Amino acid sequence: QVPLVESGGGLVQAGGSLRLSCAASGYIFANYRPAWFRRAPGKEREFVASITRHSSNTYYGDSVKGRFTISKDIAKNTVYLQMNNLKPEDTADYYCAAAPYYSSVSSPSAVTYWGQGTQVTVSS
């Protein structure tokens, strides 16, 4: 069983919006901090956003601050990434992730579970 399954990617024009969803199997998000990363073609994996256990704190990569919002619905075991004012440089494969709550917020090496990724393409 795949632990994390993303959906919601697609093609959108610059300035548009998309909402990504990440459904977790079991109660992963009760024990692991959910996060989003992305990887653009030819680039390193980049931290996008993360949210704490009780949704009291959120963290964002510098390139998405003010445009993206992470949230979670514990009852549905689902995390969301609302992406507004999308830019062509946001084009990437977006990955849902889960890392121990005590680990580094933005480090891919701390991640325990990865989703399979969903593609986001922003046209100019």
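The structure presented is a predicted model; accordingly, all values stated were derived computationally and were not measured.
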Ser50 side-chain N/O to Ala35 backbone N/O, donor-acceptor pair under 3.5 Å: no

Interatomic distance, Ser17 atom OG to Phe68 atom CZ [nearest 0.5 angstrom]: 9.5 Å

Student check: side-chain heavy atoms of Glu46 and Ser63 closer than 4.5 Å: yes

Chi angles and distances behind the side-chain contact (heavy atoms from CB on, under 4.5 Å) call for Tyr101, Asn31: CA-CA 7 Å; Tyr101 277 99; Asn31 299 306; 5.6 Å; no

Test log, rule side-chain contact (heavy atoms from CB on, under 4.5 Å), inputs Tyr59 and Thr52: CA-CA 9 Å; Tyr59 304 89; Thr52 55; 3.8 Å; yes

Any donor-acceptor pair under 3.5 Å from Glu6 side chain to Gln116 backbone: yes

OG1-CD distance between Thr121 and Gln13, expressed to the nearest 0.5 angstrom: 13.0 Å

Min side-chain heavy-atom separation Leu20-Val120 under 4.5 Å: yes

Under 3.5 Å: donor-acceptor pair, side chain of Arg33, backbone of Ser104: yes

Side chain to side chain, Tyr60 and Ile70, heavy atoms closer than 4.5 Å: yes

Ionic contact status for Asp62 with Lys65, cut-off 4.0 Å: yes

Residue pair Arg67, Asp90: steps toward the side-chain contact (heavy atoms from CB on, under 4.5 Å) verdict: CA-CA 11 Å; Arg67 300 187 298 121; Asp90 294 318; 2.7 Å; yes

OH on Tyr94 to CZ on Arg39, rounded to 0.5 Å: 13.5 Å

Atom of Val79, atom of Pro34 and distance for their closest heavy-atom approach: CG2-CB, 3.4 Å

Trace of the side-chain contact (heavy atoms from CB on, under 4.5 Å) decision for Lys72 with Thr78: CA-CA 6 Å; Lys72 66 181 179 181; Thr78 301; over 6 Å; no

Sub-4.5 Å side-chain heavy-atom contact between Leu81 and Val48: yes

Shortest non-hydrogen contact between Ser109 and Ser107, atoms and distance: OG-OG, 2.7 Å

Side-chain heavy atoms of Leu86 within contact of Leu18, under 4.5 Å: yes

Least distance between heavy atoms, Ala97 atom then Phe29 atom: O-CE2, 4.4 Å

Working for ring pair (Phe, Tyr, Trp, His ring centres under 6.0 Å), residues Phe37 and Trp114: CA-CA 10 Å; Phe37 290 80; Trp114 288 101; 5.2 Å; yes

Separation of Arg38 CZ from Lys43 NZ (nearest 0.5 Å): 8.0 Å

Straight-line distance of Ile28 CD1 to Thr112 OG1, nearest 0.5 Å: 9.5 Å

Geometric cation-pi criterion, Arg45 with Tyr95: 6.0 Å, 45°: yes

Spacing of Tyr113 atom OH and Cys96 atom SG [to the nearest 0.5 Å]: 12.5 Å

